[in-house]
Engineer: 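Quick one: the structure is below, and I'll ask about it shortly.
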Amino acid sequence: MTLTPPRSLDDLGPDFDADDLPSNDTAATSLSEIVASRLSRRRVLAGGMAVAAGFLTTSLVDPSPAAAAPGSGGGGRGAKGGPLLGFTAVPPSTADDVTVAPGYRTTPLIPWGTAILGSFPAFAPGTPGEQRPDGSVVTTGNTAAQQAEQVGMNHDGITYFPLADGRRGNEHGLLVLNHEYTEEGYLHTGGFIKDHKPATAEAVRKSQNAHGVSVVEIRKGGDGQWAPVRSGRNRRITANTPMALSGPAAGHPLLRTQADPSGRASKGTINNCGNGETLWGTYLTCEENFNQYFRVEGTHTKENADLQKRYGVGGDSFGWAAHDPRFVVTPQDPNEPNRFGWIVEIDPFDPRSTPVKRTALGRLKHEDASMVISRGGRVVVYMGDDQVFEHAYKFVSADNWKSMRARGRSPLDEGTLFVAKFDDDGTGRWIALAHGQNGLTAANGFPDQATVLINARQAATFVGATPMDRPEWTAVDERTGTVYLTLTNNSGRKLVDDPTTPYDDRPNAANPRVNNRNGQVIRWDERGGDHTATAFDWDLFVLAGSGTGADGSTVDPANAFGSPDGLWVDPDGRAWIQTDGSQPIACNNQMLAADTATGGDRPEIRRFLVGVKECEVTGVATTPDRRTMFINLQHPGENGGSTWPRLDGLTVPRSATVVVTKDDGGVIGS
Ligand code: FEO
Ligand code: CA
Ligand code: CA
């Protein structure tokens, strides 16, 4: 979901053109040279640095059979020596069907409303008692209580946890997936209604129950088809599930509410976008645009008003405030929004476990979380904050993760949060967001570490982090240690700094385009191949766009794409790139695969799959053997134009997981 900037083409300026840069602007004139050098650096360094980094990471992480591939240079290779991108590209599509590369097939699985719990209520669109805009009342459909026993709406980040070792784990596992938000018209009436707001408390409750996370046991049958299992492991986590707040900010006055004076026991998770998993087998769900669920009333202190402004709290976009006072922010009880915007850890194997909000990882519009192990057994989590001019972060645990857990401590409760500064010369620095360091002191508005974490955005700006073009998903190439980050778009970047914003609005080498409607993928190598390092070297992997030359993109017309969002680098070195936004060609949102051994001015990228009308393609997981891939198609028909997946004779569009398999049973993408 994208709330800022506005998506209307009317709001976007002309595509970037290098000629638009005025020659008398020193920063701007040097920019094209800087971009050129950032694009070509990788070719120079492709051998040495990748090998050095690969040595360090593969010595710490179980290497895949293909781990010898990196550093071979000159194009990636598949595990059996074939081309890395072993499939035929698909053409652009605007059909209301999934298009996938020849030799592959796709099957929808666990669409919104699939019964997984309790009385296993059959899916029926509509909320009894809800009013349509014409005043008529909905009389059929699932209740709020039934929705809590069904898969939620708007599938997003997803992880597959095998339930057995070896081969059986490729056929039986838990799918854990986020439900980012709700399409309120479809949810309550079964039809498309733009900006529908629920009319009843029951409908608000149903909306809250369609949010959150689903845990669904799935199994592959003898016919090769995957299906959900009626299992005691299944679980729904919603906007009302009890949660614990832990880490340095837990219990802080800014996290206390009238309902929870402890500041340690919150309720629910919302707007769960990207995700991650830990080395110890838990799921990480990321709270993104939590701000829009609240209505702010009254006159607040300057401190609270500033905090609300930086995170954009307000709007009541889903109409919850009218029927649930928890989402009304008053001067007397102002802190409920501060209890969202966290990364939440969920144990998918224990349906009775309490999810935990890990405050040490900072309060952001969290998009995604990629965990890697680094020197000394510390864990590092890479994270994006998805809004224009916000930042890229990483968290480094205080100690070896195994020893911390052996002492009963969470590696995600103690450590250091860093924010990235991308310098124009292709180097970068991680700046610690630690109270008492880098000016984060009481005199500057940061009286303690809890405030730094709750107000991480302002802390990041204060220390000079680089304002980015909407950081989305991160991914780490485990063979080389290279970290990738999608920057989806930013139509607000200007050639002249806006003095009313706290950051520099002008282009920089990492975000080189004004009116950047198509986005880019940036990547970096931590210095010395050490993920805990405070210095790194970066380059631009791809500048997305039409490939026609008019928009500064480094793609070809044949693989044109825009608004990269979901991202995963598989163990063979394929970067899977998923899009969410208007495309620079006539095409629905799509998933492409890129060869990470390329880059520079023409990375090798190939279109693998195109989604249905008005959906985004998001979330990617595979079985351990990578012969089954799970992705999600979110919000098909978000403007009323889709009937997918057309199951059971129904035409209401439903977000769903899509199972991708290869007809010859091979590894996906090979
Ligand atoms: Fe929920 Fe930034 O995508
Ligand atoms: Ca500014
Ligand atoms: Ca996303």
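Values below: every heavy atom of this structure, side chains too, minus hydrogens, waters and symmetry copies. Every number for a ligand or one of its atoms is a count from 1 in the order of the listing.
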Engineer: For a distance under 3.0 Å, tell me if D505 has an N/O/S atom near the Ca ion (ligand 2).
Structural biologist: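 Looking at D505, which is the residue asked about, there is an N, O or S atom under 3.0 Å from the Ca ion (ligand 2).
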
Engineer: Once you measure the plane-to-plane angle for H188 and H196, does it fall in the parallel (<30°), tilted (30-60°) or perpendicular (>60°) bin?
Structural biologist: tilted

Engineer: What N/O/S atom of D498 gets nearest to the Ca ion (ligand 2)?
Structural biologist: O

Engineer: To check your reading of the site, what angle at the Ca ion (ligand 3) do OE2 of E367 and OD2 of D565 form, to 10°?
Structural biologist: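 The two atoms subtend 110° at the Ca ion (ligand 3).
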
Engineer: Hey, is atom 2 (Fe) of ligand 1 within less than 2.8 Å of some N/O/S atom on D565?
Structural biologist: no

Engineer: To the closest 0.5 Å, what do you measure between NZ (K197) and CD1 (I193)?
Structural biologist: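 The CD1 atom of I193 is 13.0 Å from NZ of K197, to the nearest 0.5 Å.
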
Engineer: Are S491 and N515 close enough that a side-chain donor and a side-chain acceptor fall under 3.5 Å?
Structural biologist: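 No - no donor-acceptor pair under 3.5 Å links their side chains.
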
Engineer: Relative to the ring of F318, is the ring of Y181 parallel (under 30°), tilted (30 to 60°) or perpendicular (over 60°)?
Structural biologist: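 Aromatic pair Y181/F318 classed perpendicular.
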
Engineer: State whether the side chain of R429 and the backbone N or O of A420 hold a donor-acceptor pair below 3.5 Å, judged by distance alone.
Structural biologist: no

Engineer: Check whether any N, O or S atom of D368, backbone or side chain, sits closer than 3.0 Å to the Ca ion (ligand 3).
Structural biologist: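 No.
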
Engineer: Would you call the rings of W320 and Y293 parallel, tilted or perpendicular, where under 30° means parallel and over 60° means perpendicular?
Structural biologist: tilted

Engineer: To the nearest 10 degrees, how large is the angle at atom 2 (Fe) of ligand 1 between D386 OD2 and E472 OE1?
Structural biologist: 90°

Engineer: Quick check for you: with the Ca ion (ligand 2) as the vertex, what angle do OD1 of D497 and OG1 of T501 span, to 10°?
Structural biologist: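 That angle is 130°.
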
Engineer: Verify the distance test for E180 against the Ca ion (ligand 3): any N/O/S atom under 3.0 Å, yes or no.
Structural biologist: no

Engineer: Look at the side chain of R470 and the backbone N and O of L487, then say whether any donor-acceptor pair between them is shorter than 3.5 Å.
Structural biologist: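 No.
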
Engineer: Can you tell me if, anywhere in E288, an N/O/S atom lies at a distance from atom 2 (Fe) of ligand 1 that is smaller than 2.8 Å?
Structural biologist: yes

Engineer: Taking the N/O/S atoms of E367 one by one, which is nearest to atom 2 (Fe) of ligand 1?
Structural biologist: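 Within E367, restricted to N, O or S, atom 2 (Fe) of ligand 1 is closest to atom OE1.
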
